[in-house]
Amino acid sequence: MNKILKRCIFVCLLGWSLNLSAQQEQTFSHTIEQGQTVYAIATMYGVTPEAIYKLNPGSKEGIKAGKVLLIPKRPASFTEGEETETYTFHTIERKETLYAVSMKYKVPAQYIIDANPGLSTKTFTTGKTIRIPLSKSVDRKKAGTVEREQDAPKEIEYTVQKKETMYSLCRKFKTSSYELLKRNPKLKRGVKAGMVIFIPIKDEKQLAAAAAAPAEEVIQSETEVNALLSAPRDVKRLDQLKVALLLPFNPARQTSASSRFIEYYEGMLLAVDSLRNQGFSLDLSVYDTGDGTQRIREILTGETLPNVDLIIGAVQNDQIKLIADFAKAHEIKYVIPFTSKNDDVLSNACVFQVNTPHSYLYSKAAERGRKLFANDNIIFVNLPDKEEKREFIRTFQTELRDHNIPFKEMDYNVELFAEEIDSLYMVDSCRNVVIPTSSSIEALQKIKTPLRMLAETQTDYTIALFGYPEWQTYVRDALDDFYTLDTYIYTNFYADNLDRPMHDFYDKFKTWYSKDLINTYPKYGILGFDTGMFFFGAMKKYGVNFEDKLEDYHYPSIQTGFDFHRVNNWGGFINTNIFIVHYHKDYTVTRD
């Protein structure tokens with residue numbers, strides 16, 4: 001190989017290496033988790049979806065759990081109440097420690113812990129992302145203790161000893177890494193024995209005390225920093241739980257919506273009564289939020305709310321934002337019971353979102369469906385209409401492809417459906433699972449009668465039906481068909497009317513309020529009861545910081561399941577529970 005060619009190759013490799021290094025400095029990596037969307041990922045990092053698409057061109061067509069996205073590394077500001085915090089983000093590398101991260105960004109480890117409430121030995125793992133407060137945020141936190149300019153400490157020269165580190169130097173001389181690096185930029189390349197550095201110091205006594213510090217403290221200091229991840233958190237037990245419930249009752253104009261919220265409140269009152277009967281003291285304050293933000297602002301500036309331990313409620317996103325910021329500023333747990341389309345949970349550790357976002361629901365439903373029907377003949381029936389479930393169908397089919405599970409697709413033809421599905425798509429000696437692409441009652445009616453005819457006349461194969469949460473509202477018209485067609489429904493809400501706890505709840509509700517529950521999906525009275533029982537019970541058992549014990553806490557719900565997972569190390573919790581309701585041919589129903 002001649003010299004010119006070698007030189008060209010060297011230049012190309014050098015350019016590629018420099019570009020790669022520059023990209024690594026300008027980006028960090030995010031490992032996609034089940035149910036996440038590009039929009040949610042962009043929101044949690046303070047960037048735009050377009051910025052992610054630009055770095056990850058294939059992500060515009062879809063993303064998959066377990067894959068890695070490059071995220072632009074730039075300061076991101078988040079408004080939290082009346083203040084704006086600025087962060088950068090860091091992906092934990094193999095064998096990296098909290099101490100190493102603290103030194104890399106020149107930020108005290110405790111500040112990193114404070115910025116990531118979910119951080120622990122379990123979550124400080126390779127590939128996980130944490131947020132780092134930038135110097136402006138750190139400076140503001142230290143503002144109360146920083147000396148005035150005229151009182152600035154003097155500088156003395158110091159020779160770094162063996163085994164000394166940035167952290168040990170800070171402890172030894174009672175200064176910050178920020179002050180050391182400001183005077184000694186070379187420390188950015190590492191601390192080495194023999195280096196001569198400048199130390200800010202107030203008097204000679206401080207220097208003498210520092211020089212006398214034992215060498216063992218150097219090693220212990222780094223250990224202490226990393227031990228912050230496993231330090232026990234403060235537990236605040238409650239003699240009395242104080243709860244604020246905020247709902248739009250609108251007493252001046254009764255609507256179907258306000259009637260549902262009243263029923264939700266009535267169900268929660270039954271939960272309060274149940275906990276009081278167990279000997280737990282509970283004070284529930286109720287507020288009418290009305291529409292818009294004016295009433296919310298009045299409530300939040302009152303004297304009662306800052307003293308509560310738990311806030312539940314609000315419907316509109318502009319109301320929720322105000323309450324979420326208030327809850328964060330006062331370190332109060334906040335439950336969002338209704339909407340699944342809210343971004344506050346992505347950056348607010350106090351938020352618990354009960355209603356599962358569609359992306360999480362579809363992802364969990366697809367996973368459950370794939371496991372249930374892995375050995376069956378799966379048939380998607382295309383029924384385009386206004387309630388077509390394109391996102392779920394796409395998620396489910398992707399899940400099947402990723403696990404090499406075959407499936408079939410057919411277009412619905414009103415005149416030939418029964419004949420075509422029987423002769424062209426069904427498989428003998430096998431269970432055939434039929435999945436319509438729409439959740440509407442019209443779509444269900446188009447296929448259920450022909451499928452039932454085949455199920456009752458064919459002996460060569462069996463049929464099962466897989467459908468949607470909305471189907472629960474069709475039971476009056478289709479319950480017998482559900483049984484005959486061995487039907488499965490995925491849902492995040494389900495109440496069995498024949499179940500004993502459900503029967504007891506109905507009786508108590510009617511005794512208290514002399515009326516029946518409103519026929520809605522979900523039933524708001526039971527939703528209020530389940531939500532109250534879960535959160536009141538958790539705080540009764542574990543205190544204010546019950547989120548550290550979520551894995552150990554299980555509530556046998558009547559209608560609403562709870563399986564909360566933190567969205568990231570600095571955000572809140574999303575309920576990812578899902579039920580598979582199965583209508584068996586023997587006319588029984590199970591919920592798993």
Side-chain angles (χ1 to χ4, degrees), residues 80-81 110 113-124 227-246 268-286 300 303-314 323-337 344-345 347-354 528-557 560-577:
E80 301 173 353
Q110 188 59 54
I113 293 283
D114 293 343
N116 298 272
L119 210 53
S120 67
T121 51
K122 289 182 179 180
T123 58
F124 194 94
L228 289 173
L229 293 170
S230 55
R233 299 177 190 260
D234 292 336
V235 177
K236 181 185 174 184
R237 296 290 180 180
L238 296 166
D239 295 324
Q240 182 185 51
L241 175 62
K242 296 181 179 180
V243 183
L245 177 64
L246 289 74
M268 187 161 288
L269 282 179
L270 296 184
V272 171
D273 181 68
S274 295
L275 269 295
R276 283 174 176 167
N277 289 338
Q278 296 175 26
F280 187 48
S281 179
L282 198 152
D283 178 35
L284 179 67
S285 301
V286 185
L300 297 181
E303 296 181 358
T304 305
L305 214 52
N307 297 319
V308 301
D309 307 295
L310 179 68
I311 301 173
I312 302 174
I323 299 170
D325 287 344
F326 177 90
K328 185 170 188 177
H330 292 83
E331 297 183 349
I332 300 170
K333 300 298 187 297
Y334 174 37
V335 177
I336 303 174
D344 291 284
V345 70
S347 58
N348 189 331
C350 293
V351 169
F352 289 77
Q353 189 168 307
V354 172
F529 179 80
D530 276 339
T531 303
M533 291 298 292
F534 178 84
F535 286 100
F536 302 163
M539 298 182 87
K540 170 180 179 287
K541 189 171 185 178
Y542 298 115
V544 170
N545 299 324
F546 66 92
E547 69 271 20
D548 296 331
K549 296 290 186 178
L550 281 175
E551 292 182 0
D552 304 322
Y553 181 63
H554 303 285
Y555 161 67
S557 68
T560 312
F562 299 99
D563 184 18
F564 284 102
H565 291 273
R566 197 186 285 273
V567 294
N568 51 49
N569 276 315
W570 58 93
F573 296 81
I574 284 179
N575 183 17
T576 62
N577 181 76

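FYI, the numbering just counts along the sequence from 1.
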_If I take atom NZ from residue Lys242 and atom OG from residue Ser281, how far apart are they, to the nearest 0.5 angstrom?_
9.5 Å
_Using 0.5 Å steps for rounding, measure from the CG atom of Leu300 to the CG atom of Leu246._
7.5 Å
_So, taking the atom named CD1 in Ile336 and the one named CD1 in Ile312, what distance separates them when rounded to the nearest 0.5 Å?_
12.0 Å
*Do Phe562 and Phe352 make the cut of ring centroids closer than 6.0 angstrom?*
no
*Apply the test side chain to side chain contact (heavy atoms under 4.5 Å, CB included) to residues Gln110 and Leu228: give CA-CA distance (whole Å), side-chain angles for both, the deciding distance (0.1 Å), then the verdict.*
CA-CA 8 Å; Gln110 188 59 54; Leu228 289 173; 3.8 Å; yes
*Flag the pair Thr560 / Thr531 as yes when at least one side-chain heavy-atom distance between them is below 4.5 Å, and no otherwise.*
no
*asked:* How long is the straight-line distance from CD of Gln353 back to CZ of Phe573, given to the nearest 0.5 Å?
replied: 13.0 Å
*Test ring pair (Phe, Tyr, Trp, His ring centres under 6.0 Å) on Phe534 and Phe564 and set out the steps.*
CA-CA 11 Å; Phe534 178 84; Phe564 284 102; 5.6 Å; yes
*Would one find more than 12 heavy atoms of other residues, nucleotides or ligands at under 6.0 Å from atom CD of Glu331?*
no
_Working to the nearest 0.5 angstrom, can you tell me the gap between Leu282 CG and Met539 CE?_
9.5 Å
*More than 12 foreign heavy atoms under 6.0 Å from CD of Glu551: is that the case here?*
no
*Report the distance from atom OH of Tyr553 to atom CZ of Phe535, rounding to the nearest 0.5 Å.*
9.5 Å
